[in-house]
Amino acid sequence: MLQTHRTRKKVLFIDDDLSFLDLFCQVMELASKGDWQVHSAATAGRAIFLMQEHQFNLVVIDARMPVVDGLQLLRLVKGKFPQIPKAILTGAPNAADRTACLATGADLYLEKPTSPDGMETIFATLNTLAAHEAEEGFRGEIRRVGLQDVLQMECLGRKSSVVEVQTAEIAGEIFIDNGNVIHAQFKTATGTPALFQMLSLKGGSFRIKPFCAPAEVTISNSWESLLMEAAQMRDETTMVALPQTEQRTAARKTLSSSRLPENTLFSRHTQEMLICNPEGKVMHQVDCTDVEGRRRVLEFVRSQADRLGESLQLGRLNWVEMQMPYTRAVVQFPTNAAVFVETRKVVRNRTAKV
Amino acid sequence: MKDFINRWMTRNARCPALLACGLRHPDETTFNQTLDSGFPEASLNTSWSCIVEAFSFLREQQPDTAQLCWSFEKHRIYAAIRADQTCLGLITKTGTSDVDLTAIEKILAEFRTLRCPAPKPVRA
């Protein structure tokens, strides 16, 4: 049997007249036949708080309120939540108010209803507005896109948002502030473990929500190094079955033992990173000592990969790894970018005090 | 030395999921072994040539580059180069658990440090 999934629209009504607010909310909820989840606030402060807590599809503001009036609140909401559709409701409509409200970002300027018919008309109008996709830009469906592509898009655009990740059973969130991943939570994990768990998911859905500050900041690494580390982890997971993990470690030890003292521990630190666009223009770099040299490496690897792929029909290039005695460099070509990352083995004497 | 390395590859370049392997010597001659018909000799030779070029270019940028791994959608090429510029390439499938990375690392490490044994003195 075909099942349909209905998402309830979240609507917020703000009015200092509590008796009208209560009645109006009840009527609107009834008129929506369960399609609306109605919230109410009697003050501007409460309204802002609720807007930070919920992602509303529509906000309806009373024009005349004490302390912060409708127009001021409208201006605040427009600045802080520009994507939310906004309507002004007033008991005393006038042309000057109407012009000011519409110029400040209101989508509708409506008179408060006084009859059941008026309520129905208001509901129909607001419901149409709530059904609009508020965000600017294109609307559509993206398939076969990796979560890392979504993060890269948000971070490269230096956006602030919350990427909600949803699988059949679990939901997680990734907080991006001005292009930096600052927090992630998934199941009981937070920080980079949560982020890596989400990036290792085979599939699911995502939704980009307006940014709201997380309860804590748990991630400080650059997004580039996080994505590279996640990609390496994913590659290693798919490349080698679990029982061979120990064998890999043993192999690394075998390779290292001829060059390094036995009594050492290793960890990998990102040494430098370069990201270019497909035209070879540098988009971002971290501690890159020879940007032009690395750019040439990216160009060269891409051209050689094309030749190799063509002669042996190997398919699309995923990555190239260069191994040096103490460092390792990885080149990748995700959509619309070329990435060079070099990591360094940090050697620490096992007997040294840490 | 060429024959010695060719013999070494025949005997030692063996591991699960290996589809093809080959050597490119400094004099540009090649020696290939294929276990899969999808890797004709001519294509392998072109590939080894590409990889030697890659080593040459990358070593200008990263002088110690000793090993490369090219991971493509379908196959992965592991390559190592010796000080004498002989290059070894191993081709496996991508994304299969059959690939024994330890064995591959061992082959590449052994290849790089391989020394031709001194000829035995001839008794009079």
Side-chain angles (χ1 to χ4, degrees), chain A residues 231 234-259 290 292-301 303-332 340 342, chain B residues 16-17 19-20 36 38-40 42-80 89 91-110 112-113:
Chain A
R234 201 169 46 248
D235 285 336
E236 283 171 10
T237 309
T238 51
M239 186 168 63
V240 187
L242 195 60
Q244 289 179 344
T245 307
E246 288 171 12
Q247 293 174 340
R248 272 175 74 82
T249 311
R252 281 189 182 137
K253 280 182 185 164
T254 308
L255 284 173
S256 320
S257 60
S258 58
R259 310 289 294 246
D290 179 8
E292 190 48 35
R294 302 302 183 238
R295 206 182 57 76
R296 282 201 303 271
V297 168
L298 287 170
E299 271 179 19
F300 178 82
V301 168
S303 69
Q304 291 298 97
D306 286 346
R307 283 179 65 196
L308 274 172
E310 203 177 307
S311 68
L312 289 174
Q313 298 183 347
L314 303 167
R316 189 175 55 84
L317 179 73
N318 290 329
W319 47 260
V320 177
E321 181 193 65
M322 298 158 231
Q323 275 194 28
M324 285 71 74
Y326 293 94
T327 57
R328 168 180 134 166
V330 176
V331 168
Q332 258 193 325
F340 176 97
E342 187 166 318
Chain B
L19 301 174
D36 186 296
F39 300 100
S43 300
L44 286 175
N45 291 345
T46 309
S47 302
W48 307 147
S49 162
C50 274
I51 286 169
V52 169
E53 276 177 32
F55 271 118
S56 166
F57 177 88
L58 293 170
R59 283 186 151 189
E60 284 174 21
Q61 309 288 328
Q62 314 262 23
D64 293 333
T65 307
Q67 277 182 215
L68 291 174
C69 176
W70 301 70
S71 182
F72 289 85
E73 201 177 355
K74 295 176 189 166
H75 300 103
R76 196 165 281 178
I77 305 177
Y78 298 89
I91 301 176
T92 68
K93 270 190 179 174
T94 294
T96 171
S97 57
D98 298 339
V99 176
D100 183 348
L101 204 70
T102 309
I104 287 172
E105 297 270 22
K106 195 174 163 213
I107 292 167
L108 296 176
E110 195 177 319
R112 293 211 322 270
T113 53

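Quick note on labels: first sequence line is chain A, next is B, and so on, each numbered from 1.
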### Summary
For B:Ser47 and A:Ser311, the nearest pair of non-hydrogen atoms, with its separation, is OG-OG, 3.1 Å
### Query
Given a strict heavy-atom distance threshold of 4.5 Å, which part of B:Ile104 is in contact with chain A: side chain, backbone, both, or neither?
neither
### Task
Starting at CD of A:Gln323, measure out to SG of B:Cys69 and round the result to the nearest 0.5 Å.
8.5 Å
### Query
Using non-hydrogen atoms only, which part of A:Ala305 is less than 4.5 Å away from chain B: side chain, backbone, both, or neither?
both
### Task
Show the numbers, then the answer: is there a side-chain contact (heavy atoms from CB on, under 4.5 Å) between A:Gln313 and B:Phe39?
CA-CA 9 Å; A:Gln313 298 183 347; B:Phe39 300 100; over 6 Å; no
### Summary
For B:Ser49 and A:Arg307 the tightest heavy-atom approach is OG-NH2, 4.4 Å
### Message
To the nearest 0.5 Å, what is the distance between CD on B:Gln61 and CZ on A:Arg294?
### Response
6.5 Å
### Task
Count the heavy atoms belonging to other residues, nucleotides or ligands that lie under 6.0 Å from CD of A:Glu299, then report whether that count exceeds 12.
yes
### Query
Hey, what do you get for CD (A:Gln304) to CH2 (B:Trp70), rounding to the nearest 0.5 Å?
5.5 Å
### Task
Supply the atom-to-atom distance B:Glu53 CD to A:Leu308 CG, rounded to the nearest 0.5 angstrom.
9.5 Å
### Message
I need the A:Met322 CE to B:Leu68 CG distance, nearest 0.5 Å.
### Response
7.0 Å
### Task
Against chain A, work out which of B:Leu58, B:Thr46, B:Thr113 has the most heavy-atom pairs shorter than 4.5 Å and name it.
B:Leu58
### Side chain / backbone / both / neither for A:Val301 at chain B, heavy atoms under 4.5 Å
both
### Summary
So NZ of B:Lys74 and CG of A:Leu312: to nearest 0.5 Å the spacing works out to 11.0 Å
